[in-house]
Amino acid sequence: MDVVISHLKNNLDNYLEELKEYLRIPSISTLATHVDEMIKCAGFAAQKLKDAGMTRVEIFPTAGHPIVYGEWLGKPDKPTVLIYGHYDVQPVDPLDLWTDKPFEPVIHDGKIWARGANDNKGQHFVHIKSVEAYFKTLGELPVNVKFILEGEEEIGSSNLVAFLKEKQELLKCDAILISDTSMYAKGVPTITYGLRGLLYMEVEVIGPDKDLHSGSFGGAVANPINELAKIISKFHDKNGKVTVPNFYKNVLKLTKEEKENFKRLKLSDKQYAKEINVKELQGEKGFTTLERLWTRPTLDCNGIIGGFTGEGAKTVLPSKATAKISMRLVPNQDPVKIAKEFTKFVYSIAPRSVKVDVRTLHYGYGVVIPLGSKAINAAAKAVSKAFGKKTFFTREGGSIPIVVDFVKQLKAPTVLMGLGLDSDNIHSPNEHFLIENFEKGLYSSAYFLDEFSKS
Ligand SMILES: [Zn+2]
């Protein structure tokens, strides 16, 4: 084991150079113009799995972006771990807010900066390299390992879900390991056992069939942007509660243990507000910040499109306006039902003067993973060894819809070994990943494979 760890330590700089190569590929899954980059990125990941020592590596085409698979099954008497990651990344705009270029990774201030540095290339790359270190030093792995790297996590993983259903035998495993979450705080080894779900919708308000002169027509016709703003303003009441009917109906209540556990994490609202650079925190009344972030559902407007947004002035009444709306959902809310309720609600508050269209873009369920499985225990030991501290068990506000499908389809305990920090700017300009977390992530991965083989 020590020889694996020192190999990882000695090769840290090489791994970072390889990661940079990975990060240079602009694998933005949502952009149709980037299809070739996605194929290139899948090829790169597959090659890394081969180089790491996986004996069977395949790129499976899908109706969307390809899925990369790799396996080494040289230990028939030992358990099998399926390691999941995603090679696709979020778009990079607004580009002018990036200090360094998003696809020209650089290292400074103890961090590697690039789109995907944390989410998720940096995080899953540690597992590829820990596996490689085992082969380079001991010639084998302590357990069987399968990798599955998808290219559609940021757009809903729809083709992976079909793949999981279809390839149950290929993906059979005793545990699923995912590094795509955050640590509770810098230096605090964390295993996450709960994630929120997501429902993403679009509301379009349509007025005149073309933009109109606001002097000639202003006062006579409804302005879709004004009307959209009025609709959005009705989504919350004065206590920060979402007003969509039946929204909270099936929300899983916090247990007493959880409530106390969260208290022990001692989150300071003031400090937290400072960290994310806001004047103060806000949200649903009656809950602490951690409870709101991890166990309560939310509704947010993510973007508004409409009218004239260029430089200078243009006096128009826009013909339409669209809002992107996301809801973070929790167990046991059903996104399909919530989508129906939301749609009904929007129609009920929409003015008659405009046409309104509500569309569901994608959704995923929230999940709470039972603690106490061998895999979770092995992971808790592993991160504790790597970071030199006691492991914290947390829930998280983000969503990895695919976790629910993994649990449902493969029926194996899922370990969320997050190595990122909430301050890493994932999905934002200046995304980065702490070199220290990358390094300790390498050790965590290696320790996990070792601990899991002993369990
Ligand atoms: Zn992401």
Would the distance check show the side chain of Gln123 and the main-chain N or O of Leu419 forming a donor-acceptor pair, the cut-off being under 3.5 Å? yes
Within-4.5 Å side-chain heavy-atom neighbours: Thr295 and Leu252: no
Aromatic ring pairing Phe433/Phe438, orientation class (parallel under 30°, perpendicular over 60°, tilted between): perpendicular
Please check this pair: side chain of Asp88 against backbone of Ser27, looking for a donor-acceptor N/O pair closer than 3.5 Å. no
Test side chain to side chain contact (heavy atoms under 4.5 Å, CB included) on Asn118 and His432 and set out the steps. CA-CA 6 Å; Asn118 163 327; His432 57 268; over 6 Å; no
Pro102 to Leu95 - nearest heavy-atom pair and separation: CG-CD1, 3.6 Å
Can you find a heavy atom in the side chain of Gln90 that is under 4.5 Å from one in the side chain of Arg115? yes
Donor-acceptor check, side chain of Asp269 to backbone of Leu281, threshold 3.5 angstrom: yes or no? no
Within the structure provided, determine whether Phe406 and Tyr84 are in side-chain contact (heavy-atom separation under 4.5 Å). yes
Could you measure the distance from the CG atom of Leu254 to the CD atom of Glu257? Nearest 0.5 Å is fine. 10.5 Å
Which heavy atom in His86 sits nearest to a heavy atom in Asn120, and how many Å separate them? N-OD1, 3.0 Å
Answer yes or no: is there a donor N or O on one side and an acceptor on the other, between the side chain of Asp211 and the main chain of Val316, under 3.5 Å? no
Please examine the side chains of His213 and Lys314, heavy atoms only from C-beta on, and report whether any two atoms are closer than 4.5 Å. no
Within the structure provided, determine whether Val161 and Ile402 are in side-chain contact (heavy-atom separation under 4.5 Å). yes
Just by modelled atom types, is the Glu37 backbone N or O under 3.5 Å from a matching donor or acceptor in the His34 side chain? no
Under 3.5 Å, side chain of Asp424 to main-chain N/O of Ile426, donor-acceptor pair present? no
May I ask you to say whether Glu169 pairs ionically with Lys167, meaning some side-chain N is under 4.0 Å from a carboxylate O? no
Test side chain to side chain contact (heavy atoms under 4.5 Å, CB included) applied to Phe147 and Val68, step by step: CA-CA 8 Å; Phe147 277 96; Val68 182; over 6 Å; no
Carefully, step by step, assess Glu258 and Arg395 under the rule salt bridge (Lys or Arg N to Asp or Glu O under 4.0 Å). CA-CA 10 Å; Glu258 274 186 304; Arg395 283 170 70 170; 2.9 Å; yes
If you count the non-hydrogen atoms of other residues, nucleotides and ligands that lie under 6.0 Å from OH in Tyr193, is the total more than 12? yes
Is any side-chain heavy atom of Glu204 closer than 4.5 Å to one of Val356? no
For the residue pair His124 and Tyr22, categorise the inter-ring angle as parallel (less than 30°), tilted (30 to 60°) or perpendicular (more than 60°). perpendicular
I'd like to know if Lys263 and Glu260 make a salt bridge, using a cut-off of under 4.0 Å between side-chain N and carboxylate O. no
Counting N and O atoms only, with roles assigned by atom type, does the side chain of Arg328 sit under 3.5 Å from a partner on the main chain of Leu299, one being a donor and the other an acceptor? no
Are any of the side-chain heavy atoms of Leu199 and His362 separated by less than 4.5 Å? no
Can any side-chain N or O of Lys411 pair as donor or acceptor with the backbone N or O of Lys408 at less than 3.5 Å? yes
Thr414 vs Ile178 side-chain heavy atoms within contact, under 4.5 Å: yes
Enter the distance from Glu436:CD to Leu12:CG here, rounded to the nearest 0.5 Å. 11.5 Å
If we ignore angles and hydrogens, is there a donor and acceptor under 3.5 Å between the side chains of Asn302 and Ser326? yes
Strictly by modelled atom types, are Tyr365 and Asp334 linked by a side-chain donor-acceptor pair under 3.5 Å? yes
Between Ser444 (side chain) and Lys440 (backbone), is there a donor-acceptor pair under 3.5 Å? yes
Might you point out which heavy atoms bring Gln333 and Pro335 nearest each other, and give the distance in Å? O-CD, 3.5 Å
OG-CG distance between Ser182 and Asp422, expressed to the nearest 0.5 angstrom: 4.0 Å
Going by atom types alone, do Asn250 and Asn332 pair a side-chain donor with an acceptor below 3.5 Å? no
Decide, yes or no, whether a salt bridge links Glu284 with Arg292 under the criterion of side-chain N to carboxylate O below 4.0 Å. no
Which one of Ile325, Asn226, Val205 satisfies the side chain to side chain contact (heavy atoms under 4.5 Å, CB included) criterion with Ile231? Val205
What one should report as the nearest heavy-atom pair of Ala222 and Val354 is CB-CG1, 3.8 Å
Check: Gly116 main-chain N/O paired with Glu431 side-chain donor or acceptor under 3.5 Å: yes
May I ask you to decide whether Glu18 forms a salt bridge with Lys129, counting only side-chain N to carboxylate O separations under 4.0 Å? yes
Which is it for Thr243 and Asp237 under the side-chain hydrogen bond (donor to acceptor under 3.5 Å, both in side chains) test, yes or no, and what are the steps along the way? CA-CA 6 Å; Thr243 48; Asp237 69 11; over 6 Å; no
Could you walk me through whether Tyr69 and Leu49 satisfy the side chain to side chain contact (heavy atoms under 4.5 Å, CB included) test, starting with their C-alpha distance in whole Å, then the side-chain angles of each, then the deciding distance to 0.1 Å, before giving a yes or no? CA-CA 8 Å; Tyr69 173 81; Leu49 292 180; over 6 Å; no
Identify the two heavy atoms, one from Val89 and one from Asp119, that lie closest to each other, and give their separation to 0.1 Å. CG1-O, 4.1 Å
Check this for me: does any side-chain nitrogen of one of Glu21 and Arg24 sit under 4.0 Å from a carboxylate oxygen of the other? no
Drop me the distance from His127's NE2 to Ser179's OG, to the nearest 0.5 angstrom. 2.5 Å
Give a yes or no on whether Gln282 atom CD has more than 12 heavy-atom contacts from other residues, nucleotides or ligands under 6.0 Å away. no
Rounded at 0.5 Å granularity, tell me how far CZ in Phe387 sits from OG1 in Thr190. 8.0 Å
So, are Glu71 and Lys146 salt-bridged, with charged N and O less than 4.0 Å apart? no
Are Phe342 and Phe247 close enough that their ring centres sit under 6.0 Å apart? no
Going through the checks in order, is the side-chain hydrogen bond (donor to acceptor under 3.5 Å, both in side chains) test met by Ser423 and Glu275? CA-CA 8 Å; Ser423 53; Glu275 267 169 37; 6.0 Å; no
Heavy-atom pair of closest approach, residues Pro331 and Gly366: CG-C, 3.8 Å
